[in-house]
Amino acid sequence: MFSHVTVGSNDLAISKKFYDALLATVGVGEPMLDSKGRYFYMTPTGMFGITKPIDGHAACHANGGTIGFACSSPEQVEAWHAAGVANGGTTCEDPPGVRDFNGIQLHLAYLRDPDGNKLCGLYRYP
């Protein structure tokens, strides 16, 4: 359904360090740097980008917005969360763990990146 997600950053070096560590836990390699100084993490199914806002204003997060990253196991969710916290992210919402969503069991972890964007690592139990 989605081709890409891009978030704004006020400090690309800090954001790159954070996302390099975070996305490595779900198997995503080094990002591509384009001619405009934007970083794009590429996968066969989509892209995730970090950029300074094109309009020159400060980057800010979406109030009420969440970007979810698919994980392949509960352990990968925990590693994702730990990598984020170790690289400048902050835990938000409840601690990582199992949640019931209308009878569907999910293992979730929530973080805010260094610019305040809300992220979620998610594993759906079979």
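Only heavy atoms go into these numbers, but all of them, side chains included; no hydrogens, no water, no symmetry mates.
- Crowding of Asp55 atom CG: a count of heavy atoms from other residues, nucleotides or ligands under 6.0 Å exceeding 12.
- Among all heavy-atom pairs drawn from Ala109 and Val77, the shortest one is CB-CG1, 3.6 Å.
- Annotation for Phe101: atom CZ does not count as buried by contact number, only 12 or fewer foreign heavy atoms lying within 6.0 Å.
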Stepwise side chain to side chain contact (heavy atoms under 4.5 Å, CB included) test for Lys118 and Ile67: CA-CA 6 Å; Lys118 185 177 169 188; Ile67 299 168; over 6 Å; no
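- Once rounded to the nearest 0.5 Å, the distance linking SG of Cys60 with CG of Asn117 reads 8.5 Å.
- Using modelled atom types, one side-chain atom of Thr43 and one backbone atom of Thr45 make a donor-acceptor pair closer than 3.5 Å.
- No side-chain heavy atom of Ser3 sits under 4.5 Å from any side-chain heavy atom of Met47.
- Considering all non-hydrogen atoms of both residues, Phe18 and Leu111 come closest at CZ-CD1, 4.3 Å.
- Here CG of Asp115 is found 4.5 Å from OG of Ser15. Values are rounded to the nearest 0.5 Å.
- Across all their heavy atoms, Arg112 and Cys92 have their closest contact at CG-SG, 3.8 Å.
- For the pair Tyr110 and Thr91, the minimum side-chain heavy-atom distance is 4.5 Å or more.
- Nearest heavy atom pair, residue Thr51 against residue Arg38, reads OG1-CG, 3.0 Å.
- In the hydrophobic clustering of ILVMFWY residues, with side-chain heavy atoms under 4.5 Å counting as a link, Val7 and Leu33 come out together.
- Taking the six-membered ring where the residue is Trp, Phe48 and Phe69 present perpendicular rings, their angle passing 60° and hence far from 30°.
- Between the side chain of Asp11 and the backbone N or O of Ala13 there is at least one donor-acceptor pair closer than 3.5 Å.
- Atom SG of Cys120 sits about 4.5 Å away from atom CG of Leu108, to the nearest 0.5 Å.
- If you take OH on Tyr123 and OG on Ser73, they are separated by 7.0 Å, rounding to the nearest 0.5 Å.
- Under the side-chain contact (heavy atoms from CB on, under 4.5 Å) test applied with Leu22, the options Asp113, Leu119, Val85, Val28 reduce to a single match, Leu119.
- With Tyr39 as the fixed residue, the side-chain contact (heavy atoms from CB on, under 4.5 Å) test singles out one of Asp34, Ile50, Asp20: Ile50.
- When every heavy atom of Asn87 is checked against every heavy atom of Pro114, the shortest pair comes out as O-CG, 4.5 Å.
- For the pair His107 and Leu122, the minimum side-chain heavy-atom distance is 4.5 Å or more.
- Atom SG of residue Cys71 and atom CZ of residue Arg124 lie 11.0 Å apart, to the nearest 0.5 angstrom.
- In this structure, Glu30 and Tyr41 approach most closely via the heavy-atom pair C-CD2, 4.4 Å.
- Under a cut-off of 6.0 angstrom, the local environment of CZ in Arg99 is crowded, with over 12 non-hydrogen atoms contributed by other residues, nucleotides or ligands.
- Put simply, the side chain of Pro31 reaches to within 4.5 Å of the side chain of Lys16, judged on heavy atoms.
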